[in-house]
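Input: a single structure, listed below in structure tokens.
In what follows, chains carry the letters A, B, and so on, assigned in the order in which the sequence lines appear, proteins first and then strands, with residues in each chain numbered from 1.
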Amino acid sequence: MSGVLDAMASVIARDLRIAMRRRADVMTSLIFFVIVVSLFPLGIGADPVLLRTLGPGVVWVAALLACMLALARLFANDHADGTLEQMVLAPQPLSMLVLAKTAAHWLTTGLPLVIIAPLLGLQFNLDAEALLILLASLLLGTPTLSLIGGIGAALTLGLRGGGALLALLVLPLYIPVLIFGAGAVEATAAALGAGAHLSILGALLLGTLVFAPWATALALRIAIE
Amino acid sequence: MLSAIGLECVRGERRLFAGLGFAMRPGTLLAVRGANGSGKTSLLRILCGLLAPAAGTLTWNNAAISEVSEEYRASLAYLGHLNGLKDELNAAENLQLSLRLAGIAVNEAEALAALEWSGLRERRHQPCATLSQGQRRRVALARLKLSQSRSLWILDEPFIALDTAAVERTRDLIVTHLAGGGMVALTTHQDVPIAAPMTLLIELGA
Amino acid sequence: MSWESLSAFIDMGGYGGYVWGSFGVTALCIVIELAALAMRRRRILREFRE
Amino acid sequence: MTMPDIRWYKFSSPQTFYPLAGTLAPWFAIAAAVFAVYGLYIGFFLAPTDFQQGEAYRIIFIHVPAAWMSMFLYLVMAGWAAVGLAWNTRLSSMMAIAIAPTGAMMTFIALWTGALWGKPMWGAWWVWDARLTSELILLFLYLGFMFLHAAIEDPRRADRAAAVIAIVGAINVPIIYFSVKWWNTLHQGASVNLTRSSTMASTMLWGMLIMSIAFWLYSIAVVLVRVRCVILERERNADWVKQLGART
């Protein structure tokens with residue numbers, strides 16, 4: 001078992017070190033998230049009550065899009081420089097290595113979104129409790145988005161127009177996470193309590209954690225042929 | 001012992017080769033020759049399991065590859081057209097991280113020695129992006145040098161972009177690996193004579 | 001359920017537009033699908049004749 | 001149990017399946033036409049006027065069968081795709097590819113007729129009803145399957161990649177449906193159910209059933225014809241296809 005964990009650790013260490021050296025990539029998806037969220041008040045107007053009701057949905061859709069944008073790079077660079085081949089040929093279960101890659105991807109894109117989201121929530125004058133639930137729902141939701149996105153990234157590896165195709169494949173699968181993510185924050189605003197929503201987000205995360213790496217590994221083997 | 005029976009490969013509409021069989025025992029060199037596009041790379045990718053053959057079977061120690069795939073991958077080292085190096089990392093980091101992923105324990109000194117063997121000692125802290133194609137190939141060969149524990153080497157054009165000294169070094173590496181009971185399957189355009197206990201030649205697209 | 005006249009049938013109790021809009025588009029989709037299939041088949045067979 | 005395998009296996013190669021599909025397709029088409037005429041007859045002449053919605057409810061005879069077919073065809077498509085992926089049988093993957101366009105069409109019809117029915121009944125062309133919303137998402141899943149398959153040149157990789165997204169999609173369909181249902185009841189209160197609004201006279205149910213069978217037979221006929229096209233395109237340089245070309 002230690003061999004697998006060590007191999008996974010090496011994948012995560014490598015990707016994080018690369019992310020540190022190419023901070024621009026990390027920043028771009030974060031800045032995209034901030035810009036998209038800030039656009040909505042400009043489009044909808046500054047009425048606080050209206051913004052409060054739209055806030056959770058806007059922040060969640062923006063996080064979802066930012067996460068999806070960063071996915072195209074998940075395997076593309078490794079495919080181009082040959083490290084993906086070496087990973088497929090490593091004597092470890094590919095789905096575990098894919099899990100490690102997705103974890104590294106989430107740490108560099110998903111987590112920054114989660115940290116900055118409450119700050120953006122202030123633009124929509126969400127109260128403290130709503131911001132807390134927003135943080136919690138994003139913390140539970142964004143890993144699921146990265147995991148499901150991994151399947152799309154592997155399937156569209158090396159295809160022309162991969163970006164738009166990736167969105168078409170992945171966005172329908174993101175809908176349950178979006179519904180319960182944004183729903184959690186709305187539930188607290190309506191004082192209904194977000195317990196149910198957060199537990200379902202947790203269930204979605206666990207289900208995806210089990211199924212997505214296997215599907216992504218299968219898709220990678222198909223794409224690499 | 002790697003043996004293949006009736007291997008066939010179809011690329012798009014064209015059948016590149018069919019009915020291809022061989023048996024590789026310790027000390028065997030399998031040289032694959034052929035014009036460009038004759039399926040040399042496809043054959044090697046089939047051997048290491050990256051590409052599924054259209055027909056035919058591959059067995060490793062008499063067990064089908066699909067059954068023992070993890071054990072097979074643990075005894076395999078593949079050097080493809082792509083060097084498998086990250087541009088942002090320097091040579092030393094690339095070596096250590098990629099070997100750790102492959103499950104080969106390598107300490108600082110061993111990595112340094114391999115880079116020295118490859119003539120890259122003084123450039124080991126530069127990001128690989130700044131290295132030339134030949135130098136990057138030599139980093140990949142340094143990784144091969146540290147993969148002596150892997151019995152089967154599958155090398156796609158190992159001598160490409162190398163200067164004569166590097167070709168010489170690589171040839172010696174392969175010869176010692178074969179002498180030590182290893183197996184090597186390689187494709188090459190340059191005819192670099194390699195002394196091997198047993199040599200098989202496959203001519204594709206003839 | 002007998003319709004007094006053809007025009008009553010077409011009027012469909014005032015909802016003619018919606019009902020025939022639905023059935024019409026469905027029929028249209030089926031015709032388009034069959035036409036596309038026929039064209040596709042003819043194109044392949046013509047390819048062989050060359 | 002080797003006996004059935006041999007028989008089944010005989011038809012699993014494209015070459016032997018091609019003529020079989022050719023003979024079956026017309027029969028299914030005729031049967032579909034017969035059921036359709038009978039279904040429409042029930043829909044327009046036997047079914048009484050609904051006391052609540054007048055005549056507009058007759059759209060149900062197209063809307064519900066199309067919605068059922070769109071869901072059924074997606075699952076059958078995912079099934080064939082999974083078989084093609086697991087056992088590498090080319091014909092199963094071709095079957096999945098042949099089903100996708102008809103499935104997408106059925107979804108479009110369900111959405112279109114749903115909108116045209118929603119207007120007189122709820123006063124809006126589009127209503128975020130749980131089933132209509134799931135139908136829209138199902139259309140995206142179909143499009144994802146078809147566009148992914150079209151984006152990959154190598155047919156074998158295209159089949160296998162499309163199979164993966166079909167399987168992942170099939171697993172997500174129930175999740176999407178229940179989350180949309182939960183989301184819908186949260187926002188709109190009890191949504192007006194498309195069928196429960198009027199008492200389900202037996203003739204109505206019977207009419208819908210006959211129309212569903214008609215749609216089902218139609219889909220089989222179309223898929224058989226389309227899979228023959230796919231076989232010809234895929235096996236273009238197989239020798240049995242060349243002789244076929246020379247003969248017709």
Scan side-chain atoms only and decide if [X] and [Y] contain a donor-acceptor pair under the 3.5 Å cut-off.
{"X": "Arg124(B)", "Y": "Asn90(B)", "value": "no"}
{"X": "His81(B)", "Y": "Thr41(B)", "value": "yes"}
{"X": "Ser69(B)", "Y": "Arg73(B)", "value": "yes"}
{"X": "Thr102(A)", "Y": "Ser146(A)", "value": "no"}

Side chain proximity check, Leu204(A) to Pro176(A), heavy atoms < 4.5 angstrom: yes
Any side-chain heavy-atom pair of Phe17(B) and Leu7(B) under 4.5 Å: yes
Least distance between heavy atoms, Pro127(B) atom then Glu88(B) atom: CB-O, 4.0 Å
What part of [X] gets within 4.5 angstrom of chain B, counting heavy atoms only: side chain, backbone, both, or neither?
{"X": "Met87(A)", "result": "both"}
{"X": "Leu97(A)", "result": "side chain"}
{"X": "Ala9(A)", "result": "both"}
{"X": "Val88(A)", "result": "both"}

Residue among Leu152(B), Leu47(B), Leu144(B), Ile154(B) satisfying side-chain contact (heavy atoms from CB on, under 4.5 Å) with Tyr78(B): Ile154(B)
Among Leu173(B), Leu146(B), Leu112(B), side-chain contact (heavy atoms from CB on, under 4.5 Å) partner for Trp117(B): Leu173(B)
Check whether [X] gets within reach of chain A through its side chain, its backbone, both or neither, counting any heavy atom under 4.5 Å.
{"X": "Ala140(B)", "result": "neither"}
{"X": "Leu76(B)", "result": "side chain"}
{"X": "Arg100(B)", "result": "both"}

Residue, of Ala100(A), Ser10(A), Gly82(A), Ala7(A), that accumulates the most heavy atom pairs under 4.5 Å with chain B: Ser10(A)
Option that, when pairs with chain B are counted at under 4.5 Å, heavy atom only, ranks first among Asp78(A), Thr83(A), Asp81(A): Asp81(A)
Any residue of residues 17-34 of chain A which, by heavy atoms, sits under 4.5 Å from chain B: Arg17(A), Ile18(A), Arg21(A), Arg22(A)
Part of residues 215-225 of chain A lying next to chain B, heavy-atom separation under 4.5 Å: Arg221(A), Ile224(A), Glu225(A)
Stepwise salt bridge (Lys or Arg N to Asp or Glu O under 4.0 Å) test for Asp172(B) and Lys145(B): CA-CA 11 Å; Asp172(B) 296 344; Lys145(B) 177 150 175 50; over 6 Å; no
Top contributor to chain A interface from Glu71(B), Glu93(B), Arg45(B) [non-hydrogen pairs under 4.5 Å]: Glu93(B)
Check: Ser132(B) side chain, Gln135(B) main-chain N or O, donor-acceptor pair, under 3.5 Å: yes
